[in-house]
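Structure record follows, encoded as structure tokens.
Note that the structure is predicted; figures quoted are calculated from it, not measured. Each residue takes its place number in the sequence, starting with 1. In what follows, every heavy atom counts, from backbone to side chain, and hydrogens, waters and symmetry copies are set aside.
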Amino acid sequence: MDLMQLRKQIDDIDRQIVKLYEERMDICGQVARYKIENGKKVFDKTREEEKLAAVRALTHNEFNSHGITELFEQIMSMSRKLQYQLLNAHGSGGRLPFISVDELETGKVRVVFQGAEGAYSQAAMVRYFGEQIDSIHVDTFRDAMSAIDEGSADFAVLPIENSTAGIVSEIYDLLVEFENYIVGEQIIPIEHCLLGVPGAELADIRTVYSHPQSLMQSSRYLGNHGWQQISMPNNAFAARKVADEGRTDQAAIASEYAGKVYGLSVLEKPVNNVSSNSTRFIIVTNQKIFRKDAKKVSLCFEVPHESGSLYHMLSHFIYNNLNMTKIESRPIEGRTWEYRFFIDFEGNLADGAVKNALRGLREEASNMKILGNY
């Protein structure tokens with residue numbers, strides 16, 4: 001046979017495959033209706049494993065066995081997605097435990113941030129909520145999460161990602177541990193300044209204090225000087241220390257905002273390596289609420305520690321035409337080499353496509369938590 005004849009035979013077989021696929025999906029629709037009437041779950045892992053073993057047994061070599069397994073995993077995945085869609089259309093998709101609101105209350109609210117007065121977190125708080133709020137500051141991120149968890153504050157402002165240094169991994173872990181939820185975000189540019197007491201000059205400086213990340217972000221500038229570098233828990237703590245001790249040979253790397261709070265002079269700015277450096281802060285509360293105009297969903301899930309499990313989870317975003325904007329992983333405590341995945345994607349919890357994807361993820365993931373819609 002020549003190539004054209006072989007291709008014609010493939011085309012004939014493909015037409016049969018398409019016809020059989022559509023027949024199969026029609027029957028899957030009938031299965032979905034049966035499950036709706038009888039309250040059965042869509043995902044039946046035991047049934048799918050038995051089916052894969054059965055089709056593998058029909059093949060005649062190892063290559064085909066592997067290929068047919070992959071093919072039927074996809075076919076069954078499409079079947080599940082059709083069934084989830086029909087369940088949601090029938091109103092059997094379950095209600096998400098989140099309440100939509102027109103606006104977040106940003107007037108006389110209590111807001112907590114980590115660090116001292118003058119921290120970048122405070123600047124983000126003021127940018128988001130304005131000046132007319134009651135605010136408190138705490139020493140650690142955990143303290144901030146505990147404050148809203150127990151109700152001593154309404155919202156917390158927490159840094160979750162820096163454009164050059166990456167994610168703040170502790171925040172991801174705390175979002176899993178606490179029943180608190182993201183309801184907003186605020187991105188602010190990070191412009192580090194070298195701050196000294198009034199009257200100090202560059203030639204006087206011998207020691208610089210700052211957060212380790214800020215020291216790293218200003219490494220090129222600091223590398224041009226022979227100053228001793230000392231890490232502090234927070235940039236604002238560093239600025240406060242320099243102001244309190246009043247020594248002209250000490251400086252802090254912090255924001256200009258922190259300098260104004262503590263009465264320090266800007267000796268030089270900017271000193272950070274990258275001028276486009278920004279930090280994304282999240283606004284967190286203990287209520288399961290989201291704005292009606294929210295456009296981003298954050299969630300986390302765990303998957304079985306086996307080949308292809310993450311791929312099948314991510315297929316729910318592809319099938320529902322949802323744009324995933326971020327994925328991160330964190331080790332699961334107590335389970336060596338197993339990971340929890342954090343996903344950001346575009347959408348609103350009221351959207352049908354989002355509901356459909358979340359239904360599939362909830363049924364097929366080992367654990368799933370919606371972290372917020374904002």
Response to the item:
The complete set of ring pair (Phe, Tyr, Trp, His ring centres under 6.0 Å) pairs with one or both residues in residues 14-73, sequence neighbours excluded, reads none
Less than 3.5 Å apart, which donor and acceptor atoms pair up between the side chains of residues 197-207 and the rest of the protein, not counting sequence neighbours?
{"from": "Asp204", "atom 1": "OD2", "to": "Glu201", "atom 2": "N", "distance (Å)": "2.9"}
{"from": "Arg206", "atom 1": "NH1", "to": "Ala203", "atom 2": "O", "distance (Å)": "3.0"}

Response to the item:
Contacts of Glu49 meeting salt bridge (Lys or Arg N to Asp or Glu O under 4.0 Å) (sequence neighbours excluded), chain-then-number -> Lys45
Fill in: Validation row: Glu338, Glu302 side chains within 4.5 angstrom (heavy atoms)
no
Discussion item. Any salt bridge linking Asp12 with Lys8? Criterion: basic side-chain nitrogen under 4.0 Å from a carboxylate oxygen.
Written reply: yes
Worksheet item: So if you build clusters from Ile, Leu, Val, Met, Phe, Trp, Tyr with side-chain heavy-atom gaps below 4.5 Å, do Phe141 and Met232 land together?
Response: no
Worksheet item: Restricting to pairs with a member in residues 146-195, which pass ring pair (Phe, Tyr, Trp, His ring centres under 6.0 Å), not counting sequence neighbours?
Response: Phe98-Tyr181, Tyr120-His192, Phe129-Phe155, Tyr172-Phe342
Fill in: Pairs meeting criterion ring pair (Phe, Tyr, Trp, His ring centres under 6.0 Å) with involvement of residues 352-374, two or more places apart
none
Discussion item. Does this structure show an ion pair linking Glu48 with Arg80, if we count only N-O contacts that are shorter than 4.0 Å?
Written reply: yes
Item to complete: Could you tell me whether Arg33 and Glu37 have a side-chain N and a carboxylate O separated by less than 4.0 Å?
Response: no
Worksheet item: Salt bridge check: are Lys326 and Glu328 linked by an N-O gap of less than 4.0 Å?
Response: yes
Worksheet item: Are Ile171 and Met145 connected in the hydrophobic side-chain network, where two residues link if heavy atoms are under 4.5 Å apart?
Response: yes
Practice prompt. For residues Val157 and Gln186, determine if any side-chain heavy atom of one lies less than 4.5 Å from a side-chain heavy atom of the other.
Written response: no
Which donor-acceptor pairs under 3.5 Å do side chains of residues 257-264 form with protein atoms, sequence neighbours excluded?
{"from": "Tyr262", "atom 1": "OH", "to": "Glu117", "atom 2": "N", "distance (Å)": "3.4"}
{"from": "Tyr262", "atom 1": "OH", "to": "Glu117", "atom 2": "O", "distance (Å)": "2.6"}

Item to complete: Output the rest of the hydrophobic cluster of Ile332: all Ile, Leu, Val, Met, Phe, Trp and Tyr residues reachable through side-chain heavy-atom contacts under 4.5 Å, sorted by chain and number.
Response: none
Discussion item. For the CG atom of Asp2 and the CD atom of Gln5, what is their distance to the nearest 0.5 Å?
Written reply: 4.0 Å
Worksheet item: Taking the six-membered ring for Trp, are Trp227 and His225 parallel (under 30°), tilted (30 to 60°) or perpendicular (over 60°)?
Response: parallel
Worksheet entry | Sequence-distant partners of Arg280, salt bridge (Lys or Arg N to Asp or Glu O under 4.0 Å), two or more places apart | Glu161, Glu185, Asp344
Discussion item. Would you say that Val354 contacts Leu349 through its side chain, given a criterion of any heavy-atom pair below 4.5 Å between the two side chains?
Written reply: yes
Worksheet, complete the sentence: The remaining residues in the hydrophobic cluster of Met216, counting side-chain heavy-atom contacts under 4.5 Å among Ile, Leu, Val, Met, Phe, Trp and Tyr, are none
Practice prompt. State whether a side-chain donor-acceptor pair under 3.5 Å links Tyr84 with Glu364.
Written response: yes
Item to complete: Can you run down the salt bridge (charged side-chain N to carboxylate O under 4.0 Å, His left out) pairs that involve residues 98-113, sequence neighbours left out, and say none if there aren't any?
Response: Asp102-Lys292, Glu103-Arg291, Lys108-Asp134, Arg110-Asp154
Worksheet item: Same cluster for Ile282 and Val112 if Ile/Leu/Val/Met/Phe/Trp/Tyr side chains link at under 4.5 Å?
Response: yes
Item to complete: Is it possible for you to say whether Leu215 and Ile230 belong to one hydrophobic cluster, with membership spreading through side-chain heavy-atom contacts below 4.5 Å?
Response: no
Discussion item. With a 4.5 Å cut-off on side-chain heavy-atom distances among I, L, V, M, F, W and Y, is there a chain of contacts connecting Ile289 to Val284?
Written reply: no
Fill in: Side chains of Glu73 and Ser77, donor plus acceptor under 3.5 Å
no
Discussion item. Which residues pass the ring-ring contact (aromatic ring centres under 6.0 Å, His included) test with His137, not counting sequence neighbours?
Written reply: Phe113
Practice prompt. Not counting sequence neighbours, which residues clear salt bridge (Lys or Arg N to Asp or Glu O under 4.0 Å) with Glu245? List them please.
Written response: Lys241
